[in-house]
There are 2 protein chains.
Amino acid sequence: MQLRMTSQRELILRELKKSKKHLTADELYERVKKLMPRISLATVYRNLELLSDVELIRKLEVSGRQKRFDSELEDHDHIYCVQCHCIENLNIGNNTVSLAAGHMKGYTITGRRLEVTGICPRCQRKQIKKDGKHSKGGGTVGCAKKGVLSDEQKEVLVAMKNCDEPCASKDIAAATGLETKQVSCRITALKKKGYVESPVRCKYAITNDGITALNA
Amino acid sequence: MQLRMTSQRELILRELKKSKKHLTADELYERVKKLMPRISLATVYRNLELLSDVELIRKLEVSGRQKRFDSELEDHDHIYCVQCHCIENLNIGNNTVSLAAGHMKGYTITGRRLEVTGICPRCQRKQIKKDGKHSKGGGTVGCAKKGVLSDEQKEVLVAMKNCDEPCASKDIAAATGLETKQVSCRITALKKKGYVESPVRCKYAITNDGITALNA
DNA sequence: TACTAGATGATAACCATTCGCAAGTCAAGC
DNA sequence: GCTTGACTTGCGAATGGTTATCATCTAGTA
Ligand SMILES: [Mn+2]
Ligand SMILES: [Mn+2]
Ligand SMILES: [Zn+2]
Ligand SMILES: [Zn+2]
């Protein structure tokens, strides 16, 4: 089977080259759609796969993350930020990873991929700024969590908002008529989302983010 | 928040250690279920994630595949077979990939992942055997494709089976009352699955695999 | 010019993984 | 000892990126 260079295929390839970034299929889809409004996402996926099969582009895949595509064919590696998940090229020189192409444990080597992970300069700055203000705020720095509120969670959050000061789950239970266990469980979920904080053990208060989320 | 060593958690850790393999969450679930039948898959996922957070195990993210987990904590890399997708440990010595832990393009390095891919000895042997018998049979060596047949595909396949010799899509169209276009499209799909072959251009025949699939 | 392999758009299916909830468990504090 | 609630679990539904299917188009080729 041979590939035809269709207009969509060509456009996809051209736009990926033009961007010079490591785009995901849907990011590229958004760009391409502006120039060819009727193109379908499936076509973008299909062609990115096909184009990387014939090595006109390269596919970057990490388990559990979206695939990205790279129009740069020259051999190079990548560095990923563990916080914002941005990707940059990395040229460490192929002498550093010298895998004497050929055999290894009886394997015929077909390729290698080096992936360095770290915290990018941007995220480092963010971290410092955050630490300066208040040393709260766990892991998620650049990675905007979803933060959708279920009706059950809203119920608890509203009750908490009506408290003037930090309250125990028992108080929330009384206010809502729910069982304490349920309340406690929901608070845990809300805390993970950053909508609730615990100024002292067993006392909870709604955060500013929590109020924003309620209004949204 | 601190981790409690629950019985499920302990079992998951123990079974992973015992297997000495690089298991996926569901593979491990199957093993654990034998000893604790009521455990849930979500618990396995949850705990594998948690355990790797606290570095009691390691998470292996392989390009485009299911996550795997490794109880071996010592620093080592892995080699993957591109055909059967098996994984083996690889000790290349940490001098080979020397990333002068510290800074790189302004990043604070937190880790690195080296993925060496190749064809494992087993698959090499299979390949040779296969090539010896008949040089047919495309890519898929160890990776059993799904091969589910839709009713539409079955219709075409049955018609093709009733032909004594290779037939054109036009013949199938006549036999089934379908349009030639539809037939040709379905044949393409069937060919990709290995259920149809084309001895000569524009002539098709059902394969043995195709017959097996029909009976199944 | 007729034929059909290959491509497309639309949409459904897939499937590994995660989330939400209610109920359970157990260490810490009264 | 008893209460409390943070941490867990099982179940089941949801998620979301990716692929598959199918009818229809399109463009090489004979
Ligand atoms: Mn790149
Ligand atoms: Mn290992
Ligand atoms: Zn970053
Ligand atoms: Zn193999």
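Any value given below was found using the heavy atoms of this structure, including those in side chains, with hydrogens, waters and symmetry copies removed. Chain identifiers are assigned alphabetically (A, B, ...) following the order of the sequence lines, protein sequences preceding nucleic acid strands; residue numbering begins at 1 within each chain.
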At less than 4.0 Å, is any side-chain N or O atom of [X] found next to OP1 or OP2 of [N]? Yes or no.
X      : N       : answer
K33(B) : dG10(D) : no
T6(A)  : dG6(C)  : no
K67(B) : dT18(C) : yes
Q8(A)  : dG9(C)  : yes
Y45(B) : dT17(C) : yes
Q2(B)  : dA27(C) : no
T43(A) : dG9(C)  : yes

Residue pair M5(B)/R46(A) against DNA chain D: nearer the 5' end by closest nucleotide is M5(B)
Within the sub-3.5 Å range, which N or O atoms of nucleotides 22-25 of chain C have a protein N or O partner, and how far apart are they?
residue: dA22(C); atom: OP2; partner: R186(A); partner atom: NH2; Å: 2.9

Within the supplied structure, the quantity of interest is the number of heavy atoms (other residues, nucleotides, ligands) at a distance under 6.0 Å from [X] [atom1]; does it exceed 12?
X       : atom1 : result
N215(B) : CG    : yes
E179(B) : CD    : no
R58(B)  : CZ    : yes

note: N47(B), atom CG; dT8(D), atom P; distance rounded to Å ~ 8 Å
Among [options], which nucleotide sits nearest the side chain of [X]?
X      : options                  : answer
L41(A) : dT18(D), dC21(C), dG5(D) : dT18(D)
R9(A)  : dT18(D), dT8(C), dT4(C)  : dT8(C)
R38(A) : dT8(D), dG10(D), dG9(C)  : dG9(C)

- Task: Using a 4.0 Å heavy-atom cut-off across all strands, classify I187(A) as base, sugar-phosphate, or nothing.
- Result: nothing
Of E61(B), E88(B), E27(B), the one forming a salt bridge (Lys or Arg N to Asp or Glu O under 4.0 Å) with R68(B) is E27(B)
Partner of D70(A) under side-chain hydrogen bond (donor to acceptor under 3.5 Å, both in side chains), picked from K20(A), H22(A), K59(A), is H22(A)
Minimal heavy-atom distance between L41(B) and D26(B), with the atoms involved, is CD1-CA, 4.3 Å
Closest non-hydrogen atoms of R9(B) and N47(B), given as atom of the first, atom of the second and distance, are NH1-OD1, 2.5 Å
